[in-house]
**Student:** 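Below is one structure. I have some questions about it.
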Amino acid sequence: MAATKIGDVRAKSADELSTMLLDLRKEQFNLRFQRATGQLEALSRIKQVRRDIARVKTIIGERARSAATTA
């Protein structure tokens, strides 16, 4: 799975972003578990997931800040 593009993340609704964040957190947990047990082959996937989580959290934060300033 390739890294998520920022344009794709911005196009999602708030509910979709929450779901995406939850899925990424679960994947991150599974990858950490696989690494600890020595079963992980693609170590670069951990970095990709961390960055995808950061992208999603950044968009959520931007939307929260813009909603706070307009309200």
**Student:** Where do Arg32 and Phe29 land on the side chain to side chain contact (heavy atoms under 4.5 Å, CB included) test, with the steps shown first?
**Tutor:** CA-CA 5 Å; Arg32 284 195 325 243; Phe29 173 79; 3.8 Å; yes
**Student:** Each residue besides Ile59 in its hydrophobic cluster should be listed here, by chain and number; the cluster joins Ile, Leu, Val, Met, Phe, Trp and Tyr at side-chain heavy-atom distances under 4.5 Å.
**Tutor:** Ile6, Val9, Leu17, Met20, Leu21, Leu24, Leu31, Leu40, Leu43, Ile46, Val49, Ile53, Val56, Ile60
**Student:** If the condition is salt bridge (charged side-chain N to carboxylate O under 4.0 Å, His left out), which residues does Glu16 pass it with, not counting sequence neighbours?
**Tutor:** none
**Student:** Who pairs with Arg10 by salt bridge (charged side-chain N to carboxylate O under 4.0 Å, His left out), at least two apart in sequence or on another chain?
**Tutor:** Glu62
**Student:** Inspect the surroundings of CZ in Arg63 and state if more than 12 heavy atoms from other residues, nucleotides or ligands are less than 6.0 Å away.
**Tutor:** yes
**Student:** Once you round to the nearest 0.5 Å, how far does CG of Leu22 lie from NZ of Lys26?
**Tutor:** 4.5 Å
**Student:** Between CD of Gln48 and CZ of Arg55, what distance do you get to the nearest 0.5 Å?
**Tutor:** 9.0 Å
**Student:** Measuring from Arg45:CZ to Gln28:CD, what's the distance to the nearest 0.5 Å?
**Tutor:** 10.5 Å
